[in-house]
Amino acid sequence: MRLAFILSEIGSGLRRNLSMVVSVILVTFVSLTFVGAAGMLQMQINQMKGYWYDKVQVAIFLCNDTSTAAGCASGPVTDEQQANLQKLLESPSVKQYISDFQFESRSEAYAHFKEQFSNSPIVDSVTPDQLPASFRLSMKDPEKYQIISETFSSQPGVESVTDQRKLLERLFSWMNTASLAAVGIAAVMIICAVLLIATTIRLSAFSRRRETGIMRLVGASKTVIQLPFIMEGVIAAVVGAMLASLTLWLVAHFWLGETLSKQIPDTPFISATQALIIAPVLIALGGGLAGLSSLLTLRRYLKV
Amino acid sequence: MIRFENVTKVYDQKARPALDSVSLEVERGEFTFLVGASGSGKSTFLRLVLKEDHATSGSVYVAGQNVANIPSWRVPRLRRGIGVVFQDFRLLPQKNVFANVAFAMQVIGKSRGIIRETVPEVLKTVGLEGKEKRMPHELSGGEQQRVAIARAVVNRPGILLADEPTGNLDPITSMGIMGVLDKINQNGTTVVMATHDDDIVNEMRKRVVELKNGRVIRDEAKALYTSMIPVVGESRRLKDASGQEISRAQGEQQ
(Lines give C-alpha, C1' and ligand atoms only; values in the text may rest on other atoms or scores of the structure.)
Protein backbone atom coordinates (compact mmCIF):
# COMPACT_ATOMS: atom_id res chain seq x y z
CA MET A 1 0.00 0.00 0.00
CA ARG A 2 2.69 2.41 1.01
CA LEU A 3 4.72 1.50 -2.07
CA ALA A 4 1.71 2.07 -4.32
CA PHE A 5 1.13 5.38 -2.56
CA ILE A 6 4.73 6.49 -3.02
CA LEU A 7 4.63 5.46 -6.68
CA SER A 8 1.47 7.46 -7.31
CA GLU A 9 3.05 10.46 -5.56
CA ILE A 10 6.12 10.15 -7.81
CA GLY A 11 3.85 9.99 -10.86
CA SER A 12 1.90 13.08 -9.89
CA GLY A 13 5.12 14.94 -9.09
CA LEU A 14 6.57 14.12 -12.50
CA ARG A 15 3.37 15.18 -14.27
CA ARG A 16 3.06 18.47 -12.41
CA ASN A 17 6.65 19.42 -13.02
CA LEU A 18 6.87 18.14 -16.56
CA SER A 19 8.84 20.97 -18.16
CA MET A 20 11.41 21.00 -15.39
CA VAL A 21 11.68 17.22 -15.53
CA VAL A 22 12.28 17.37 -19.29
CA SER A 23 15.04 19.94 -18.81
CA VAL A 24 16.67 17.75 -16.15
CA ILE A 25 16.52 14.82 -18.54
CA LEU A 26 18.13 16.85 -21.34
CA VAL A 27 20.89 18.35 -19.21
CA THR A 28 21.85 15.01 -17.69
CA PHE A 29 21.65 13.49 -21.16
CA VAL A 30 24.11 15.99 -22.62
CA SER A 31 26.49 15.97 -19.66
CA LEU A 32 26.59 12.21 -19.38
CA THR A 33 27.07 11.88 -23.14
CA PHE A 34 30.27 13.88 -22.73
CA VAL A 35 31.33 11.75 -19.79
CA GLY A 36 30.62 8.63 -21.82
CA ALA A 37 32.46 10.01 -24.86
CA ALA A 38 35.54 10.59 -22.71
CA GLY A 39 35.23 7.04 -21.45
CA MET A 40 34.90 5.69 -24.98
CA LEU A 41 37.96 7.65 -26.13
CA GLN A 42 39.98 6.11 -23.33
CA MET A 43 38.73 2.66 -24.27
CA GLN A 44 39.66 3.37 -27.88
CA ILE A 45 43.15 4.47 -26.86
CA ASN A 46 43.66 1.28 -24.86
CA GLN A 47 42.37 -0.81 -27.71
CA MET A 48 44.70 0.83 -30.23
CA LYS A 49 47.65 0.64 -27.85
CA GLY A 50 47.15 -3.06 -27.40
CA TYR A 51 46.79 -3.59 -31.13
CA TRP A 52 49.58 -1.39 -32.44
CA TYR A 53 52.09 -2.02 -29.72
CA ASP A 54 51.89 -5.71 -30.59
CA LYS A 55 52.26 -5.10 -34.27
CA VAL A 56 54.72 -2.49 -35.40
CA GLN A 57 57.13 -0.97 -33.04
CA VAL A 58 60.50 -0.32 -34.59
CA ALA A 59 61.30 0.13 -38.27
CA ILE A 60 64.84 -0.07 -39.62
CA PHE A 61 64.78 1.85 -42.90
CA LEU A 62 67.39 0.84 -45.45
CA CYS A 63 69.19 3.20 -47.79
CA ASN A 64 67.72 3.83 -51.23
CA ASP A 65 68.66 6.02 -54.16
CA THR A 66 67.41 9.21 -52.63
CA SER A 67 68.71 8.70 -49.07
CA THR A 68 70.73 11.58 -47.68
CA ALA A 69 71.68 10.12 -44.28
CA ALA A 70 75.40 9.75 -43.44
CA GLY A 71 75.20 5.97 -43.36
CA CYS A 72 73.96 5.96 -46.93
CA ALA A 73 76.96 7.76 -48.46
CA SER A 74 77.91 4.61 -50.33
CA GLY A 75 74.56 4.52 -52.13
CA PRO A 76 71.57 2.25 -51.80
CA VAL A 77 71.73 -0.83 -49.61
CA THR A 78 73.42 -3.82 -51.18
CA ASP A 79 72.17 -7.36 -50.95
CA GLU A 80 75.19 -8.20 -48.84
CA GLN A 81 74.48 -5.43 -46.35
CA GLN A 82 70.89 -6.51 -46.19
CA ALA A 83 71.91 -10.12 -45.53
CA ASN A 84 74.27 -8.92 -42.77
CA LEU A 85 71.48 -6.98 -41.14
CA GLN A 86 69.22 -9.99 -41.30
CA LYS A 87 71.95 -12.10 -39.73
CA LEU A 88 72.37 -9.51 -37.00
CA LEU A 89 68.66 -9.58 -36.30
CA GLU A 90 68.81 -13.33 -35.93
CA SER A 91 71.90 -13.26 -33.72
CA PRO A 92 71.23 -14.10 -30.04
CA SER A 93 72.34 -10.67 -28.78
CA VAL A 94 69.50 -8.98 -30.69
CA LYS A 95 67.02 -11.80 -30.80
CA GLN A 96 66.49 -11.70 -27.03
CA TYR A 97 64.82 -8.31 -27.42
CA ILE A 98 62.57 -8.92 -30.39
CA SER A 99 59.74 -11.32 -30.71
CA ASP A 100 59.45 -11.16 -34.47
CA PHE A 101 60.65 -9.25 -37.50
CA GLN A 102 59.79 -9.09 -41.14
CA PHE A 103 61.23 -7.52 -44.25
CA GLU A 104 59.21 -5.02 -46.22
CA SER A 105 60.51 -4.53 -49.75
CA ARG A 106 60.14 -1.31 -51.66
CA SER A 107 57.30 -2.63 -53.74
CA GLU A 108 55.50 -3.78 -50.60
CA ALA A 109 56.12 -0.39 -49.04
CA TYR A 110 54.69 1.22 -52.16
CA ALA A 111 51.64 -1.01 -52.03
CA HIS A 112 51.02 -0.12 -48.35
CA PHE A 113 51.53 3.53 -49.10
CA LYS A 114 49.05 3.47 -51.95
CA GLU A 115 46.53 1.73 -49.74
CA GLN A 116 47.00 4.15 -46.86
CA PHE A 117 46.74 7.28 -48.97
CA SER A 118 44.25 5.97 -51.50
CA ASN A 119 42.17 9.15 -51.21
CA SER A 120 45.10 11.51 -51.61
CA PRO A 121 46.65 12.85 -54.85
CA ILE A 122 50.09 12.33 -53.32
CA VAL A 123 49.92 8.70 -54.52
CA ASP A 124 50.38 9.78 -58.10
CA SER A 125 53.66 11.57 -57.44
CA VAL A 126 55.31 8.76 -55.52
CA THR A 127 57.19 5.94 -57.16
CA PRO A 128 58.39 2.68 -55.58
CA ASP A 129 62.07 3.72 -55.64
CA GLN A 130 61.38 6.75 -53.51
CA LEU A 131 60.21 4.55 -50.68
CA PRO A 132 62.80 2.72 -48.62
CA ALA A 133 62.78 -0.98 -47.89
CA SER A 134 62.68 -1.75 -44.18
CA PHE A 135 62.86 -4.36 -41.47
CA ARG A 136 59.81 -4.21 -39.18
CA LEU A 137 60.55 -5.39 -35.67
CA SER A 138 58.16 -6.40 -32.93
CA MET A 139 59.74 -5.86 -29.57
CA LYS A 140 59.36 -8.16 -26.62
CA ASP A 141 59.63 -5.07 -24.43
CA PRO A 142 58.88 -1.83 -26.30
CA GLU A 143 60.96 0.11 -23.77
CA LYS A 144 64.16 -1.52 -25.09
CA TYR A 145 63.98 0.53 -28.28
CA GLN A 146 67.22 2.35 -27.42
CA ILE A 147 69.31 -0.83 -27.65
CA ILE A 148 68.01 -1.65 -31.12
CA SER A 149 68.54 1.90 -32.24
CA GLU A 150 72.17 1.92 -31.06
CA THR A 151 72.89 -1.44 -32.59
CA PHE A 152 71.50 -0.68 -36.03
CA SER A 153 71.90 3.06 -36.66
CA SER A 154 75.62 2.73 -37.37
CA GLN A 155 75.34 -0.35 -39.55
CA PRO A 156 76.17 0.18 -43.23
CA GLY A 157 73.10 0.37 -45.43
CA VAL A 158 70.80 1.65 -42.66
CA GLU A 159 69.24 5.02 -43.22
CA SER A 160 67.45 5.37 -39.92
CA VAL A 161 65.86 3.49 -37.06
CA THR A 162 62.52 4.86 -35.93
CA ASP A 163 60.36 3.97 -33.02
CA GLN A 164 56.90 3.98 -34.49
CA ARG A 165 55.37 4.07 -31.06
CA LYS A 166 56.43 7.71 -31.00
CA LEU A 167 54.03 8.43 -33.85
CA LEU A 168 51.26 6.55 -32.12
CA GLU A 169 51.99 8.26 -28.86
CA ARG A 170 51.42 11.60 -30.52
CA LEU A 171 48.04 10.33 -31.70
CA PHE A 172 47.25 9.01 -28.27
CA SER A 173 48.20 12.24 -26.58
CA TRP A 174 45.89 14.06 -28.95
CA MET A 175 43.10 11.65 -28.07
CA ASN A 176 43.88 12.08 -24.37
CA THR A 177 43.56 15.83 -24.74
CA ALA A 178 40.25 15.34 -26.50
CA SER A 179 38.98 13.13 -23.73
CA LEU A 180 40.14 15.62 -21.10
CA ALA A 181 38.24 18.34 -22.94
CA ALA A 182 35.18 16.10 -22.96
CA VAL A 183 35.55 15.53 -19.22
CA GLY A 184 35.88 19.30 -18.71
CA ILE A 185 32.69 20.02 -20.63
CA ALA A 186 31.02 17.16 -18.81
CA ALA A 187 32.03 18.62 -15.44
CA VAL A 188 30.45 21.97 -16.27
CA MET A 189 27.32 20.27 -17.56
CA ILE A 190 27.11 18.07 -14.48
CA ILE A 191 27.23 21.15 -12.26
CA CYS A 192 24.35 22.54 -14.36
CA ALA A 193 22.47 19.29 -13.98
CA VAL A 194 22.95 19.17 -10.21
CA LEU A 195 21.79 22.77 -9.77
CA LEU A 196 18.85 22.21 -12.07
CA ILE A 197 17.81 19.11 -10.15
CA ALA A 198 18.08 21.06 -6.90
CA THR A 199 15.85 23.81 -8.33
CA THR A 200 13.36 21.31 -9.68
CA ILE A 201 13.07 19.56 -6.35
CA ARG A 202 12.68 22.86 -4.57
CA LEU A 203 9.84 23.89 -6.87
CA SER A 204 8.27 20.51 -6.52
CA ALA A 205 8.48 20.65 -2.73
CA PHE A 206 7.01 24.13 -2.79
CA SER A 207 4.11 23.24 -5.06
CA ARG A 208 3.25 20.30 -2.82
CA ARG A 209 3.78 21.97 0.55
CA ARG A 210 0.09 21.47 1.39
CA GLU A 211 0.35 17.72 1.01
CA THR A 212 3.64 17.47 2.83
CA GLY A 213 2.29 19.65 5.63
CA ILE A 214 -0.65 17.31 6.08
CA MET A 215 1.62 14.28 5.80
CA ARG A 216 3.75 15.63 8.61
CA LEU A 217 0.73 16.25 10.81
CA VAL A 218 -0.74 12.80 10.43
CA GLY A 219 2.64 11.26 11.22
CA ALA A 220 3.99 10.15 7.85
CA SER A 221 7.59 9.04 8.15
CA LYS A 222 10.45 11.00 6.66
CA THR A 223 10.89 8.34 3.99
CA VAL A 224 7.29 8.51 2.83
CA ILE A 225 7.44 12.30 2.63
CA GLN A 226 10.86 12.66 1.00
CA LEU A 227 11.17 9.61 -1.20
CA PRO A 228 8.75 10.81 -3.92
CA PHE A 229 10.77 14.00 -4.35
CA ILE A 230 14.10 12.23 -4.41
CA MET A 231 12.81 9.64 -6.86
CA GLU A 232 11.54 12.42 -9.09
CA GLY A 233 15.09 13.72 -9.52
CA VAL A 234 16.60 10.26 -9.74
CA ILE A 235 14.13 9.05 -12.38
CA ALA A 236 14.71 12.12 -14.55
CA ALA A 237 18.49 11.73 -14.26
CA VAL A 238 18.37 8.00 -14.98
CA VAL A 239 16.26 8.61 -18.10
CA GLY A 240 18.89 11.17 -19.17
CA ALA A 241 21.66 8.64 -18.51
CA MET A 242 19.83 5.99 -20.51
CA LEU A 243 19.49 8.40 -23.45
CA ALA A 244 23.22 9.16 -23.20
CA SER A 245 24.04 5.45 -23.17
CA LEU A 246 21.81 4.89 -26.18
CA THR A 247 23.50 7.73 -28.06
CA LEU A 248 26.95 6.35 -27.32
CA TRP A 249 25.86 2.90 -28.40
CA LEU A 250 24.51 4.31 -31.66
CA VAL A 251 27.80 6.15 -32.24
CA ALA A 252 29.80 3.00 -31.56
CA HIS A 253 27.53 0.80 -33.63
CA PHE A 254 26.93 2.97 -36.70
CA TRP A 255 29.73 5.51 -36.85
CA LEU A 256 32.65 3.47 -35.53
CA GLY A 257 31.35 0.04 -36.43
CA GLU A 258 29.93 0.63 -39.88
CA THR A 259 31.41 3.85 -41.28
CA LEU A 260 34.84 4.46 -39.77
CA SER A 261 35.91 0.84 -39.63
CA LYS A 262 35.35 0.59 -43.40
CA GLN A 263 37.22 3.80 -44.11
CA ILE A 264 40.15 2.88 -41.87
CA PRO A 265 40.16 -0.91 -42.00
CA ASP A 266 43.50 -1.51 -40.27
CA THR A 267 42.51 0.36 -37.08
CA PRO A 268 40.76 -1.61 -34.38
CA PHE A 269 37.71 0.30 -33.15
CA ILE A 270 35.85 -0.47 -29.98
CA SER A 271 32.73 -2.49 -30.55
CA ALA A 272 29.19 -1.45 -29.70
CA THR A 273 29.18 -4.10 -26.98
CA GLN A 274 32.22 -2.51 -25.39
CA ALA A 275 30.47 0.87 -25.51
CA LEU A 276 27.60 -0.66 -23.53
CA ILE A 277 29.96 -1.24 -20.60
CA ILE A 278 29.82 2.50 -20.03
CA ALA A 279 26.00 2.49 -19.67
CA PRO A 280 25.76 1.21 -16.08
CA VAL A 281 28.48 3.64 -15.02
CA LEU A 282 26.56 6.56 -16.52
CA ILE A 283 23.26 5.42 -15.01
CA ALA A 284 24.81 5.00 -11.57
CA LEU A 285 26.53 8.37 -11.87
CA GLY A 286 23.35 10.15 -12.99
CA GLY A 287 21.14 8.49 -10.39
CA GLY A 288 23.67 9.00 -7.60
CA LEU A 289 24.22 12.69 -8.32
CA ALA A 290 20.49 13.35 -8.61
CA GLY A 291 19.75 11.49 -5.39
CA LEU A 292 22.44 13.37 -3.52
CA SER A 293 21.44 16.82 -4.75
CA SER A 294 17.74 16.11 -4.08
CA LEU A 295 18.54 14.93 -0.58
CA LEU A 296 20.59 18.03 0.22
CA THR A 297 17.91 20.31 -1.22
CA LEU A 298 15.14 18.63 0.76
CA ARG A 299 17.13 18.93 3.95
CA ARG A 300 16.95 22.69 3.50
CA TYR A 301 13.51 23.17 2.01
CA LEU A 302 11.32 20.38 3.32
CA LYS A 303 11.05 20.31 7.07
CA VAL A 304 9.95 16.98 8.44
CA MET B 1 -2.27 12.86 28.73
CA ILE B 2 -0.57 16.22 28.24
CA ARG B 3 1.56 17.70 31.00
CA PHE B 4 3.49 20.99 30.92
CA GLU B 5 6.01 21.56 33.69
CA ASN B 6 7.25 25.15 33.94
CA VAL B 7 7.38 25.42 30.17
CA THR B 8 8.84 28.59 28.74
CA LYS B 9 9.11 29.25 25.04
CA VAL B 10 11.10 32.21 23.80
CA TYR B 11 11.04 32.97 20.07
CA ASP B 12 12.93 36.23 20.26
CA GLN B 13 15.30 37.02 23.11
CA LYS B 14 14.27 40.68 23.18
CA ALA B 15 10.50 40.17 23.20
CA ARG B 16 8.54 38.65 26.07
CA PRO B 17 8.27 34.84 25.97
CA ALA B 18 5.38 33.28 24.06
CA LEU B 19 4.86 30.92 26.98
CA ASP B 20 6.09 31.89 30.41
CA SER B 21 6.65 28.99 32.84
CA VAL B 22 3.34 27.33 32.13
CA SER B 23 2.42 24.30 34.23
CA LEU B 24 -0.70 22.47 33.18
CA GLU B 25 -2.05 18.96 33.05
CA VAL B 26 -4.75 17.67 30.73
CA GLU B 27 -6.14 14.32 31.83
CA ARG B 28 -6.95 11.45 29.52
CA GLY B 29 -10.42 11.86 28.05
CA GLU B 30 -10.75 15.49 29.12
CA PHE B 31 -12.21 18.27 26.96
CA THR B 32 -10.29 21.50 27.50
CA PHE B 33 -10.75 24.95 26.01
CA LEU B 34 -7.70 27.10 25.63
CA VAL B 35 -8.85 30.70 25.51
CA GLY B 36 -7.12 34.04 25.38
CA ALA B 37 -6.41 36.93 23.04
CA SER B 38 -4.30 36.59 19.93
CA GLY B 39 -0.67 36.26 20.90
CA SER B 40 -1.50 34.87 24.33
CA GLY B 41 0.37 31.63 23.58
CA LYS B 42 -2.44 29.23 22.52
CA SER B 43 -0.85 28.23 19.23
CA THR B 44 2.59 27.91 20.82
CA PHE B 45 1.04 25.51 23.32
CA LEU B 46 -0.31 23.34 20.52
CA ARG B 47 2.98 23.47 18.58
CA LEU B 48 4.91 22.27 21.61
CA VAL B 49 2.56 19.32 22.05
CA LEU B 50 3.20 18.36 18.41
CA LYS B 51 6.96 18.85 18.80
CA GLU B 52 6.90 21.32 15.95
CA ASP B 53 8.99 23.45 18.28
CA HIS B 54 10.99 22.67 21.39
CA ALA B 55 10.50 24.37 24.72
CA THR B 56 13.18 26.86 25.75
CA SER B 57 12.98 25.49 29.28
CA GLY B 58 10.74 23.14 31.22
CA SER B 59 9.32 19.79 30.09
CA VAL B 60 6.41 18.80 27.88
CA TYR B 61 4.99 15.31 28.44
CA VAL B 62 2.62 13.76 25.91
CA ALA B 63 1.13 10.38 26.80
CA GLY B 64 3.66 10.06 29.62
CA GLN B 65 6.66 10.73 27.39
CA ASN B 66 8.91 13.76 27.61
CA VAL B 67 8.82 15.02 24.02
CA ALA B 68 12.33 16.48 24.37
CA ASN B 69 13.60 12.88 24.60
CA ILE B 70 11.89 11.72 21.41
CA PRO B 71 14.49 11.42 18.63
CA SER B 72 13.55 13.15 15.38
CA TRP B 73 12.91 9.84 13.59
CA ARG B 74 10.34 8.93 16.25
CA VAL B 75 8.45 12.23 15.95
CA PRO B 76 6.10 10.83 13.24
CA ARG B 77 5.05 8.14 15.73
CA LEU B 78 4.26 10.86 18.28
CA ARG B 79 2.17 12.73 15.70
CA ARG B 80 0.24 9.61 14.77
CA GLY B 81 -1.12 9.71 18.30
CA ILE B 82 -2.33 13.29 17.87
CA GLY B 83 -5.00 14.56 15.47
CA VAL B 84 -4.97 18.22 14.46
CA VAL B 85 -7.73 20.46 13.08
CA PHE B 86 -7.19 24.02 11.85
CA GLN B 87 -9.27 27.09 11.26
CA ASP B 88 -8.56 26.92 7.50
CA PHE B 89 -9.42 23.18 7.16
CA ARG B 90 -6.30 22.38 5.07
CA LEU B 91 -7.96 19.91 2.73
CA LEU B 92 -6.33 18.80 -0.51
CA PRO B 93 -8.40 20.59 -3.17
CA GLN B 94 -7.84 18.02 -5.93
CA LYS B 95 -8.92 15.06 -3.81
CA ASN B 96 -12.50 14.17 -2.96
CA VAL B 97 -13.80 13.73 0.58
CA PHE B 98 -13.00 10.03 0.74
CA ALA B 99 -9.49 10.54 -0.66
CA ASN B 100 -8.77 13.40 1.72
CA VAL B 101 -9.58 11.24 4.72
CA ALA B 102 -7.92 8.18 3.21
CA PHE B 103 -4.73 10.21 2.61
CA ALA B 104 -4.02 10.27 6.36
CA MET B 105 -4.16 6.46 6.40
CA GLN B 106 -2.24 5.95 3.14
CA VAL B 107 0.78 7.94 4.25
CA ILE B 108 1.24 5.79 7.33
CA GLY B 109 0.91 2.63 5.29
CA LYS B 110 -2.56 1.32 6.15
CA SER B 111 -3.85 -1.37 3.82
CA ARG B 112 -6.49 -0.60 1.23
CA GLY B 113 -8.96 -2.93 2.91
CA ILE B 114 -8.69 -1.19 6.26
CA ILE B 115 -9.01 2.21 4.60
CA ARG B 116 -12.14 1.15 2.73
CA GLU B 117 -13.62 -0.09 5.97
CA THR B 118 -12.59 2.76 8.28
CA VAL B 119 -13.13 5.91 6.22
CA PRO B 120 -16.92 5.55 5.76
CA GLU B 121 -17.26 4.79 9.48
CA VAL B 122 -15.43 7.97 10.43
CA LEU B 123 -17.35 10.02 7.85
CA LYS B 124 -20.52 8.74 9.47
CA THR B 125 -19.26 9.85 12.89
CA VAL B 126 -18.74 13.40 11.63
CA GLY B 127 -22.09 13.37 9.80
CA LEU B 128 -20.93 13.20 6.21
CA GLU B 129 -22.38 9.88 5.03
CA GLY B 130 -23.03 9.80 1.33
CA LYS B 131 -20.70 12.70 0.55
CA GLU B 132 -17.60 10.58 -0.08
CA LYS B 133 -17.39 11.56 -3.76
CA ARG B 134 -17.75 15.32 -3.26
CA MET B 135 -14.83 17.63 -3.90
CA PRO B 136 -13.87 20.11 -1.15
CA HIS B 137 -15.07 23.13 -3.17
CA GLU B 138 -18.51 21.54 -3.43
CA LEU B 139 -18.88 21.53 0.35
CA SER B 140 -19.91 24.24 2.81
CA GLY B 141 -17.36 25.48 5.32
CA GLY B 142 -18.91 23.41 8.08
CA GLU B 143 -18.78 20.28 5.92
CA GLN B 144 -15.18 20.97 5.00
CA GLN B 145 -14.28 21.24 8.66
CA ARG B 146 -16.05 17.93 9.29
CA VAL B 147 -13.85 16.37 6.62
CA ALA B 148 -10.80 17.84 8.34
CA ILE B 149 -11.97 16.41 11.67
CA ALA B 150 -12.57 13.04 10.06
CA ARG B 151 -9.02 13.12 8.70
CA ALA B 152 -7.64 14.07 12.13
CA VAL B 153 -9.34 11.21 13.94
CA VAL B 154 -9.29 8.49 11.29
CA ASN B 155 -6.11 6.98 12.74
CA ARG B 156 -7.74 6.94 16.20
CA PRO B 157 -5.35 9.31 17.97
CA GLY B 158 -5.51 9.61 21.75
CA ILE B 159 -5.41 13.39 21.52
CA LEU B 160 -7.22 15.83 19.23
CA LEU B 161 -5.83 19.36 19.01
CA ALA B 162 -8.13 21.95 17.44
CA ASP B 163 -6.76 25.40 16.65
CA GLU B 164 -9.82 27.67 16.33
CA PRO B 165 -11.78 25.08 14.36
CA THR B 166 -14.88 27.30 14.28
CA GLY B 167 -13.02 30.51 13.46
CA ASN B 168 -14.33 30.62 9.89
CA LEU B 169 -17.84 29.33 10.57
CA ASP B 170 -21.15 30.87 11.51
CA PRO B 171 -22.54 30.20 15.02
CA ILE B 172 -25.03 27.51 14.02
CA THR B 173 -22.51 25.60 11.92
CA SER B 174 -20.02 26.03 14.75
CA MET B 175 -22.39 24.35 17.18
CA GLY B 176 -22.63 21.44 14.75
CA ILE B 177 -18.86 21.12 14.71
CA MET B 178 -18.80 21.25 18.51
CA GLY B 179 -21.29 18.41 18.56
CA VAL B 180 -18.88 16.35 16.47
CA LEU B 181 -15.91 17.21 18.72
CA ASP B 182 -17.98 16.36 21.80
CA LYS B 183 -18.90 13.00 20.31
CA ILE B 184 -15.24 12.27 19.58
CA ASN B 185 -14.39 13.27 23.15
CA GLN B 186 -17.04 10.94 24.51
CA ASN B 187 -15.44 8.12 22.57
CA GLY B 188 -12.41 8.62 24.81
CA THR B 189 -10.27 11.07 22.86
CA THR B 190 -8.65 13.89 24.80
CA VAL B 191 -9.59 17.18 23.11
CA VAL B 192 -7.74 20.47 23.47
CA MET B 193 -9.37 23.30 21.58
CA ALA B 194 -7.94 26.78 21.24
CA THR B 195 -10.71 29.27 20.56
CA HIS B 196 -11.95 32.86 20.63
CA ASP B 197 -15.56 31.83 20.38
CA ASP B 198 -17.22 32.76 23.66
CA ASP B 199 -20.68 31.41 22.69
CA ILE B 200 -19.27 27.96 22.18
CA VAL B 201 -17.30 27.95 25.40
CA ASN B 202 -20.30 29.16 27.34
CA GLU B 203 -22.54 26.58 25.72
CA MET B 204 -20.26 23.60 26.30
CA ARG B 205 -19.39 24.22 29.95
CA LYS B 206 -16.08 22.39 29.87
CA ARG B 207 -12.74 23.07 31.50
CA VAL B 208 -11.35 26.47 30.46
CA VAL B 209 -7.70 27.42 30.59
CA GLU B 210 -7.14 31.10 29.95
CA LEU B 211 -3.79 32.36 28.75
CA LYS B 212 -2.64 35.94 28.82
CA ASN B 213 0.79 37.07 27.67
CA GLY B 214 2.03 33.51 27.85
CA ARG B 215 0.82 32.80 31.37
CA VAL B 216 -2.09 30.76 32.68
CA ILE B 217 -4.34 33.24 34.44
CA ARG B 218 -7.35 30.98 34.92
CA ASP B 219 -7.97 27.24 34.99
CA GLU B 220 -11.56 26.36 35.84
CA ALA B 221 -13.71 23.27 35.42
CA LYS B 222 -17.12 23.60 33.73
CA ALA B 223 -16.39 27.25 33.17
CA LEU B 224 -17.51 30.10 30.93
CA TYR B 225 -15.46 32.07 28.42
CA THR B 226 -15.05 34.80 30.99
CA SER B 227 -14.98 34.18 34.70
CA MET B 228 -18.09 32.62 36.27
CA ILE B 229 -18.02 35.07 39.18
CA PRO B 230 -20.70 37.78 38.75
CA VAL B 231 -19.71 41.12 37.26
CA VAL B 232 -19.24 42.85 40.57
CA GLY B 233 -16.90 40.21 41.87
CA GLU B 234 -15.29 39.65 38.53
CA SER B 235 -12.96 42.59 38.78
CA ARG B 236 -11.95 41.43 42.24
CA ARG B 237 -11.34 37.93 41.05
CA LEU B 238 -9.31 39.08 38.10
CA LYS B 239 -7.28 41.18 40.45
CA ASP B 240 -6.82 38.13 42.63
CA ALA B 241 -5.71 36.15 39.66
CA SER B 242 -3.22 38.75 38.55
CA GLY B 243 -2.08 39.25 42.15
CA GLN B 244 -1.39 35.52 42.29
CA GLU B 245 0.57 35.82 39.10
CA ILE B 246 2.76 38.54 40.48
CA SER B 247 3.54 36.60 43.61
CA ARG B 248 4.44 33.55 41.58
CA ALA B 249 6.72 35.55 39.34
CA GLN B 250 8.43 36.96 42.39
CA GLY B 251 8.80 33.50 43.79
CA GLU B 252 10.67 32.45 40.71
CA GLN B 253 12.99 35.37 40.81
CA GLN B 254 14.16 34.46 44.30
Side-chain angles (χ1 to χ4, degrees), chain A residues 1-21 200-235 291-292 294-304, chain B residues 46-47 49-53 62 70-86 88-95 99-116 122 136 147-163:
Chain A
M1 186 63 214
R2 210 176 314 195
L3 183 71
F5 174 75
I6 290 173
L7 287 178
S8 79
E9 283 290 299
I10 294 171
S12 81
L14 288 174
R15 264 197 312 280
R16 272 204 222 179
N17 242 349
L18 194 62
S19 63
M20 290 298 278
V21 167
T200 308
I201 297 306
R202 230 168 96 184
L203 270 178
S204 191
F206 183 76
S207 72
R208 273 189 283 164
R209 62 193 185 287
R210 234 175 215 282
E211 279 94 333
T212 51
I214 292 165
M215 285 161 98
R216 253 155 45 74
L217 282 177
V218 299
S221 66
K222 200 170 163 179
T223 318
V224 172
I225 297 177
Q226 294 195 338
L227 199 62
F229 293 101
I230 294 171
M231 287 315 291
E232 205 175 296
V234 170
I235 287 173
L292 202 66
S294 312
L295 201 65
L296 292 177
T297 315
L298 287 180
R299 196 173 287 181
R300 274 191 65 187
Y301 293 98
L302 189 70
K303 206 184 133 205
V304 176
Chain B
L46 300 181
R47 287 174 65 82
V49 174
L50 283 167
K51 204 177 192 281
E52 293 240 35
D53 260 322
V62 175
I70 300 177
S72 64
W73 62 273
R74 290 286 292 266
V75 170
R77 185 183 287 250
L78 166 77
R79 292 187 183 145
R80 282 177 206 185
I82 306 171
V84 197
V85 180
F86 298 94
D88 57 356
F89 320 137
R90 302 204 187 168
L91 301 178
L92 298 173
Q94 71 280 20
K95 288 188 195 291
N100 261 291
V101 178
F103 187 74
M105 301 186 82
Q106 285 171 340
V107 297
I108 63 168
K110 289 283 164 63
S111 78
R112 199 169 303 196
I114 291 177
I115 291 175
R116 246 188 247 136
V122 174
V147 178
I149 293 171
R151 184 180 63 198
V153 299
V154 73
N155 290 320
R156 312 220 178 285
I159 299 171
L160 179 65
L161 304 180
D163 194 355

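Residue numbers begin at 1 in each chain, while the letters A, B, ... track the order of the sequences. Hydrogens, waters and symmetry mates are skipped; everything else that's a heavy atom, side chains included, is used.
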What part of B:Pro157 is in contact with chain A, defined as an atom under 4.5 angstrom from a non-hydrogen atom: side chain, backbone, both or neither?
neither
Might you confirm whether atom CZ of A:Arg16 has over 12 heavy atoms from other residues, nucleotides or ligands at distances under 6.0 Å?
yes
Heavy-atom proximity to chain A below 4.5 Å, by part of B:Leu91:
backbone
Return the CD1 to CZ distance between B:Ile108 and A:Phe5, rounded to the nearest 0.5 Å.
11.0 Å
Distance from B:Leu92 atom CG to A:Met215 atom CE, nearest 0.5 Å?
9.5 Å
Run the side-chain contact (heavy atoms from CB on, under 4.5 Å) check on A:Val218 and B:Arg79 step by step: do they pass?
CA-CA 6 Å; A:Val218 299; B:Arg79 292 187 183 145; over 6 Å; no
Taking the side chain as every heavy atom from C-beta outward, state whether A:Leu217 and B:Phe86 have any pair of such atoms under 4.5 Å apart.
yes
To the nearest 0.5 Å, how far apart are CZ in B:Arg80 and OG in A:Ser221?
6.0 Å
Quick one: does A:Arg210's side chain have a donor or acceptor within less than 3.5 Å of a partner on B:Arg90's backbone?
no
Derivation of the side-chain contact (heavy atoms from CB on, under 4.5 Å) call for A:Lys222 and B:Val75
CA-CA 10 Å; A:Lys222 200 170 163 179; B:Val75 170; over 6 Å; no
Say whether A:Glu9 and B:Gln106, considering side chains only, have a donor N or O and an acceptor N or O under 3.5 Å apart.
no
